[in-house]
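Just below is one structure, and these are the notes that go with it.
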Amino acid sequence: MNIVFDYEPTQKQWQLHDSIADEVLYGGAAGGGKSYSLCWDAFMRCIQWDDTHAYMFRRTYPELELTLVRTMQRIVPKELGTYNASAHEMRFINGSVVHFCHLQNEGEGLLKYQGAEIHWLYFDELTHFTKAMYDYLRTRLRAEKRLGIVPCVRSASNPGGPGHAWVKQRFVDPTDTGKKVSKIQVKSEVLGKTEIRKVQYIPATVVDNPHITQDYVLELEQKPRALREALLLGKWDAFDGQAFPEFTDDPAHYEDGLFTHVIDPMPIPLNWTRYVSFDHGFTRPFSFGVWAVDTEGRAYRYKELYGCVPGEANVGLALSPGEIGKKLSEFLEPEFREGLHIDGIADPAIWDKSRGMSVEEMIRKEFSGVYFRKGDNTRLPGKMQLHERLKFDEEGKPMLYVFNTCKDFVRTIPSLVYDPHKPEDIDSSGEDHIYDETRYFLMARPIAPRPTVNKPPEKWNPLK
């Protein structure tokens, strides 16, 4: 059998196919050949190793059919594999199979794959999936020794989507935007040893794909700034659907605080009013933000306590309310030593007694240094208060500053996206806990609408 394959991988596509990392994210921009690369990778692995199974995921079946299924049908010669439409499978002559899967929720959707033995796991548009989905399906990666293979995960995505924050934290940040391979230690209590899992990010843009036409590049260049920089340049700090694109983190102005919301820490005058805002969480993170308000009403978030598993976006510490209260007591000890009064605002849900003692009562049993009152949880007014606070005045100063030591605020707020079903509200499936407690605080100190003054525009250089 003499079959000629019409595939000439680009340099970045070769990196994807040659990678020995356990997990790889490919892409970052439109036009990098992401879905096409994933299909070729799955095809080559399945045809090289007999009796192996690849699972390729999109969130919905229409997306799956329009991209991965059609691409695989186009690239696989009929002599090597046939597509079974009723089973959504591409079956190869050597016994290997590509399973085309969609996954719309974390409940029954995941249970369908409880018994699956996945050898090659693929996610197209990974930021459309939750971290829980990704983590669960990775637990299905396994292979019998007779196959002689090492199962792996290969994904592709543009910036944006409800999973933007966790994907960025897992692949983009620890690899210095693809400049190095990240190594994660995984300890096995059963085996009594620690292994290293390698995570790689391979950024690819339109300039890495010689098959993209100039018209396509020109079309991307005409998009609004955030969408353009995400799709054309693959920037993870600007993307379409971003809820707070005005949030600015400019290290060049940390000291003077002009046209930036993030600043260097500074001494807080004792006469400034102090607040602590709280959003409760167990399997999801809890969040405390400590604020100071100056004599002009400008708010400063100067420290935070975020109950998140280190390195795991949107995964809570699973602490009881009493344990949270003890942590809060230690956290606020410096303020108490100064004799400062701190006003508390919290999610009204912590007063719920439908299941017995409320979360507020359980916290108060361990910590009574702050009296919490119920925050105003009206979502859209709270969102508008954050927009108002983020506006710059003519001098380049906003009404809300964040110390650069508040790493999780700086990480999560820019990653929030709009709810596709409620276009004016935030998608609550994302990591929105800091945002929620910030809303409670801002609604306790609302400000009137102010005119918008934009930061002086910089000349855009697509080669920068």
Side-chain angles (χ1 to χ4, degrees), residues 162 164-165 241-249 261-262 273-282 284-294 297-308 313-314 316 324 328 342-352 359-360 363 370-391 398-403 406-450 452:
H164 177 96
Q242 191 174 19
F244 298 101
E246 68 268 45
F247 180 78
T248 304
D249 178 7
H261 299 103
V262 185
T273 308
R274 309 294 179 101
Y275 295 86
V276 59
S277 49
F278 173 46
D279 186 64
H280 180 247
F282 185 74
R284 292 287 185 256
F286 65 81
S287 182
F288 290 99
V290 187
W291 306 84
V293 179
D294 67 16
R298 184 171 286 109
Y300 295 76
R301 185 185 182 94
Y302 68 91
K303 67 178 187 177
E304 63 188 15
L305 177 61
Y306 195 54
C308 187
N314 211 17
I324 292 174
L328 180 60
I342 303 175
D343 192 9
I345 306 107
D347 181 356
I350 71 169
W351 279 268
D352 178 33
V359 169
E360 188 271 340
I363 289 177
V370 172
Y371 173 77
F372 283 99
R373 54 192 170 93
K374 295 181 180 180
D376 185 340
N377 197 21
T378 48
R379 296 185 62 84
L380 295 185
K383 178 175 178 290
M384 292 312 301
Q385 279 296 310
L386 183 51
H387 283 300
E388 291 297 333
R389 289 272 183 178
L390 294 177
K391 290 179 180 178
M399 289 298 288
L400 183 149
Y401 280 120
V402 181
F403 284 9
C406 296
K407 302 293 186 182
D408 288 297
F409 185 101
V410 175
R411 175 178 65 85
T412 60
I413 294 299
S415 299
L416 296 173
V417 298
Y418 284 105
D419 188 325
H421 305 294
K422 300 177 182 178
E424 292 298 320
D425 200 4
I426 301 299
D427 189 337
S428 60
S429 67
E431 197 170 358
D432 63 347
H433 320 291
I434 287 178
Y435 165 70
D436 283 342
E437 46 99 339
T438 296
R439 281 193 298 111
Y440 307 145
F441 162 67
L442 295 181
M443 289 298 288
R445 292 293 303 247
I447 61 174
R450 303 183 307 136
T452 302

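Worth knowing before you read on, the calculation uses all heavy atoms, side chains too, and leaves out hydrogens, waters and symmetry mates.
With hydrogens and angles ignored, the 3.5 Å screen pairs no side-chain donor or acceptor of Glu437 with any backbone N or O of Ala346. Counting only distance, with no hydrogens or angles, the side chain of Glu304 and the backbone of Ser287 share no donor-acceptor pair below 3.5 Å. Under a 3.5 Å cut-off, the side chain of His261 and the backbone N or O of Pro398 do not form any donor-acceptor pair. When atom types are taken as modelled, the side chain of Arg450 and the backbone of Glu388 share a donor-acceptor pair closer than 3.5 angstrom. Side-chain atoms of Arg389 come within 3.5 Å of backbone N or O of Met399 as a donor-acceptor pair. Side chain of Glu431 to backbone of Asn314: a donor-acceptor contact under 3.5 angstrom is found. No side-chain donor-acceptor contact under 3.5 Å links Thr412 to the backbone of Val410. Checking side-chain atoms of Gln242 against main-chain N and O of Pro414 turns up a donor-acceptor pair under 3.5 Å.
Checking each of Asp425, Asp419, Asp347 against Arg379 for a salt bridge (charged side-chain N to carboxylate O under 4.0 Å, His left out) leaves exactly one that passes, namely Asp425.
Between the OH atom in Tyr300 and the CZ atom in Phe403 there is a gap of 8.0 Å [rounded to 0.5 Å]. Distance NZ/Lys303 to CZ/Phe288: 12.0 Å, rounded to 0.5 Å. Expressed to the nearest 0.5 Å, how far CZ of Phe286 lies from CD1 of Ile324 amounts to 5.0 Å. For the atom pair Ser428 OG and Tyr435 OH, the distance stands at 10.5 Å (nearest 0.5 Å). The OG1 atom of Thr273 sits 11.5 Å away from the CD1 atom of Ile342 when rounded to the nearest 0.5 Å. Here the SG atom belonging to Cys406 is positioned 15.0 Å from the OH atom belonging to Tyr401, to the nearest 0.5 angstrom.
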Derivation and outcome, side chain to side chain contact (heavy atoms under 4.5 Å, CB included), residues Ile350 and Phe278: CA-CA 10 Å; Ile350 71 169; Phe278 173 46; 4.1 Å; yes

Verdict with reasoning, Asp352 to Val359, per side chain to side chain contact (heavy atoms under 4.5 Å, CB included): CA-CA 7 Å; Asp352 178 33; Val359 169; over 6 Å; no

Verdict with supporting geometry, Ile434 and Arg301, side chain to side chain contact (heavy atoms under 4.5 Å, CB included): CA-CA 11 Å; Ile434 287 178; Arg301 185 185 182 94; 3.8 Å; yes

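Side-chain contact check for Leu400 versus Leu386: some heavy-atom pair is nearer than 4.5 Å. Side-chain contact between Phe409 and Val262: absent, with no pair of heavy atoms (C-beta onward) separated by less than 4.5 Å. A heavy-atom distance below 4.5 Å is found between the side chains of Asn377 and Arg439.
Between Ala292 and Arg274, the shortest heavy-atom distance links the atoms CB-CD, 4.0 Å. Shown here for Arg411 and Ala313, the closest heavy-atom pair between the two residues is NH1-CB, 3.9 Å. When all heavy atoms of Thr378 and Pro381 are compared, the closest pair comes out as O-CD, 3.6 Å. Of all the heavy atoms in Pro285 and His433, the pair that sits closest is CD-NE2, 3.4 Å. Minimum heavy-atom separation, Ile345 to Gly375: CG2-CA, 3.4 Å. When every heavy atom of Asp343 is checked against every heavy atom of Val370, the shortest pair comes out as C-CG1, 4.3 Å.
Below 30°, between 30° and 60°, or above 60°: for Trp291 and Phe441 the angle between ring planes is below 30°, a parallel geometry.
The cationic group of Lys383 lies under 6.0 Å from the six-membered ring centre of Phe244 and within 45° of the ring axis, placing it in a cation-pi geometry.
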